[in-house]
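A, B, ... follow the sequence lines: proteins, then strands. Residue 1 opens every chain. These numbers come from a predicted model, not from an experiment.
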Amino acid sequence: MIQEVSLKRKRIAFLSILQHYTYEVMRVWKQTIKQALLLLSLLLLIPAVAQAVQSSSSNYQLNEVFFGSGGELNACSGNQYCAKQSAGDLTVGNTKGNQYQAQAGFNTDRSPYIEVVVSNTNVSLGSLAANTTKTANATFTVKAYLAHGYTVINASDPPTNNSYTMNPLAIPTASNSGTEQFGINLAANTSPTSFGADPVNIPDNTFSFGAASPDYSSANLYKYLKNDTVAFSNSSTSTTNYTVSYIFNVSNVTPGGAYVFHHVLVATGTY
Amino acid sequence: MISPFSIDTQVIRRIAYAMMAALLAVITLPVFQPKAGAAEQLQSRFIQMSDASPSGGSIVGSPGSGASVTYQVGFTVVTTGANSIVIDFCDGPIIGDTCNAPTGMVATGATLGTTVTGEVVIASGWSVTAASASQIRIADDDTANPMTAVQQSFNITGITNPSTIGTFFARILTFDNETFGTYTGPAGVNVGNYLDYGGIALSINRVITITARVQEQLTFCVTAADPATWLAGGGGTAGECSASEVGAAPPAVVLGHGSPTATLDDSVDLLTALHQCHSWSSS
C-alpha cells in the first residue's frame, strides 16, 4: 500500500515536470512563430524594394515583371557583385502587334539599345586591272532592343582618287570586267567568284529579324548608292551578322592612281 | 495556467500595425517623388547621324572623321503645344538618371538646319538657343508655332561625334513654354516640368577602309598573227598581247633564196608584221 502511494506520487511529480517542460517549450515555440510571422510579413514587402533598384527615372519606369520557375533580375552578393540570373525561361524573345510589343525572357532591360560592330576594317586590294575583278569582304553585326526596328545606310561616297569618283552601279548589276564598276551586296555570291554570305540571324530567325534590303540581297548583283538602306529590321532584334561583298572593276580609261573608300555604315534605331 | 495554444492578441495587433505601416509607406512613396505629371513618351523617335564614325581618328573629311556631323532628329509628340526641346546626350537613356557626357562629343557648335517635317522650322522662329558639349536646347522665339501631333523631323548640324566606339544615348524632353520650363539639368528633379520625354540609342562604329591602285600601263607586242586570230586558244587574254597566238607567230623573214640560203637576187622578200601598242590609265 505504501509502495503504491509512493509510486503515485512519483508519477504525479513526473507529470508535473513534463507539463512544466511542455509549457516552456511551447512558450519558446510561440515566440519563434511570432518572430517568423513578423519576418514573413516584412519579406512580403521586398518585391517592391527589388523593383526600385532596377534602373528608372525619377518619374517613369518600365517595370519588368518576373514570371517563371527560376532566375532573378537583380541578384547581388554583398555590395560587390550583381547579376541577372536566368534559369528555366518559360519563353524568350519578342512578340508584337501593330502598336505594342513585349520582350519575354529573364535577360530583358528597360533601356532602348542599338549596337553595331564592324570588323575587317582595313582591306588592301593591290592593283586593279581591266581584265580582272577585285573582290573584298567586310562584316558587321547589328542588334537593337526596345526598338521598332533599325536601318543601316551607306553614308559615304564611292571610292575616290583625288577628285575622281569611281563609277558606282546605280541598279543591281552583274560584274563585268573591263567596265568601270563599283558595287556591293550582302549576299552569298558565285560570280565573279565565290565570296560573301547571306545575313545570319543569331541564334535563328525566331529571335533575330535582320535582313538585307532587296537591292542588296541578290547574289551576283551589285549596287552602290550613297544613303541607300542596305540592311534593316522591322522590330526589336537580337544579333544579325552581315557580310558585305565589294567588287571593283576598271576599264582601260579608268584614271590611274590610289583609290580610297571609307565605307561608313550608319545604323539608326526607331524607338 | 496559460494554455500553450492560447493566442496573444497583442502580438497579433503589433504585427498587423507593422504591416499596415509598411504598406502605407510603400503606397505613399510615389507622392514624395519629384514629379508625377501626365508626361507621355515621344513616339517614333530616332536620331540619324550623317556619319557614325568616331571623332579624333586619322580620317580627314566627312563622313569618316566624325566631325561636322548632322543629326536628323525625329519624333512625334503626344502632348501637343510644346515650344522648346532639350536634348541631352548621356551614357544612359533613362530620364532623370545621372548623365555622363559621351567622351569626345562636342555639340557647342550645333545649329538648327533644314526641317524635313513638322513645326520646328527656322523661318518660324525656332533655333538652337544654347548648346554645350553634350546638350542642345532648341526653342521657338515665341509661342506662336508650337509642335502639333505630326512627325517632327529636323536637322541639327555641326556636331562632333563621341570619340569612342559603342552605344551612347540621347534624352529628349519637350516643354510647354519657350524657356524650357523649370528644367535645370538632366538628372533627378532637375529635369523639371516637361511635357513628353524619350530615350534614343545611337551607335558609333568603325569605318571600313578599302584601298586599291590603278597603275598606268604600256603594252607593246609584235607578231605575225592577225589580231583577228588572237583568240587565246592556248592561254592568255583574247585580243591582247598575252593571247597564245601572239607568241606562237613571231614575225620572221629570211633574206635570200636557195637551200641553203645563199642567193640574193632582185626578188622581194616580204614580211607581214603586226603590232599592238596599248597604254592605259591616265589621270
Side-chain angles (χ1 to χ4, degrees), chain A residues 22-23 26-27 34 37-38 41-42 45 48 55-60 110-118 120-128 130-131 134 136 138 148 155-156 159 161 164 244 246 248 250 252-271, chain B residues 1-2 4-5 8 11 15 18-19 22-23 26 33-37 39 41 44-53 59 63-64 92-97 166-167 169 188-189 191 197-203 205-216 237 240 278 280-283:
Chain A
T22 304
Y23 173 75
M26 292 305 294
R27 193 177 63 81
K34 285 175 188 173
L37 281 171
L38 187 62
S41 63
L42 290 173
L45 300 172
S55 57
S56 63
S57 76
S58 56
N59 303 298
Y60 297 96
R110 74 180 72 239
S111 301
Y113 189 75
I114 190 165
E115 181 184 71
V116 183
V117 178
V118 179
N120 197 24
T121 54
N122 281 291
V123 180
S124 176
L125 294 176
S127 294
L128 307 179
N131 57 1
K134 288 281 189 177
H148 292 289
S156 44
N161 170 16
Y164 181 80
V244 189
Y246 302 87
F248 290 76
V250 293
N252 288 345
V253 294
T254 298
Y259 286 78
V260 179
F261 177 51
H262 295 303
H263 195 189
V264 176
L265 293 161
V266 175
T268 303
T270 300
Y271 303 94
Chain B
M1 185 178 133
I2 300 172
F5 300 104
D8 188 341
V11 172
I15 293 171
M19 288 180 69
L23 197 60
V26 171
Q33 296 284 321
K35 178 179 178 292
Q41 190 159 243
S44 302
R45 58 193 187 278
F46 66 87
I47 294 180
Q48 180 166 306
M49 298 177 285
S50 65
D51 181 1
S53 314
I59 297 174
I94 304 298
I95 307 299
D97 276 5
T167 305
F169 302 89
V189 297
V191 293
Y197 69 99
I200 295 172
L202 301 92
S203 180
N205 46 274
R206 291 183 174 84
V207 178
I208 301 165
T209 297
I210 300 176
T211 55
R213 296 172 183 278
V214 175
Q215 301 183 53
E216 288 77 4
T237 302
E240 296 189 4
H278 177 199
W280 64 288
S281 292
S282 60
S283 55

* To do: Mind ranking Gly92(B), Gly64(B), Ala52(B) by heavy-atom pairs under 4.5 Å with chain A and telling me who comes out on top?
  => Ala52(B)
* To do: Find the one option among Val116(A), Asn120(A), Thr270(A) whose heavy-atom pairs under 4.5 Å with chain B are most numerous.
  => Val116(A)
* To do: Please report the closest heavy-atom contact between Pro112(A) and Gly199(B), naming both atoms and the distance.
  => CG-O, 3.8 Å
* Which portion of Phe248(A) sits near chain B, non-hydrogen atoms under 4.5 angstrom -> side chain
* To do: Could you list the residues that satisfy ring-ring contact (aromatic ring centres under 6.0 Å, His included) with His263(A), not counting sequence neighbours?
  => Tyr224(A), Tyr246(A), Phe261(A)
* **Asn122(A) versus chain B, the contacting section by heavy-atom distance below 4.5 Å** => both
* Could you tell me which non-hydrogen atom of Arg206(B) sits nearest to which non-hydrogen atom of Val118(A), and how far apart they are? => O-CG2, 3.7 Å
* Asked: Atom CD1 of Ile208(B) and atom NE2 of His262(A): how far apart are they, to the nearest 0.5 Å?
  -> 12.0 Å
* Asked: Where do Val214(B) and Thr254(A) come nearest, in terms of heavy atoms and distance?
  -> CG1-O, 3.9 Å
* To do: Looking only at non-hydrogen atoms, find the nearest pair between Gly256(A) and Glu216(B) and report the distance.
  => CA-OE2, 3.8 Å
* To do: Select one option (side chain, backbone, both, neither) describing which atoms of Ile59(B) are under 4.5 Å from chain A's heavy atoms.
  => side chain
* Contact summary for Gly269(A) and Phe46(B), nearest pair of heavy atoms -> O-CB, 3.4 Å
* Residues in side-chain hydrogen bond (donor to acceptor under 3.5 Å, both in side chains) with Asp51(B), at least two apart? -> Ser53(B)
* How many angstroms lie between OG1 in Thr268(A) and CG in Leu202(B), if you round to the nearest 0.5 Å? -> 7.5 Å
* **Side chain Thr167(B), main chain Ile114(A), donor-acceptor under 3.5 Å** => yes
* When you look at Val266(A) and Ser50(B), which way does the side-chain contact (heavy atoms from CB on, under 4.5 Å) test go after all the steps? -> CA-CA 7 Å; Val266(A) 175; Ser50(B) 65; over 6 Å; no
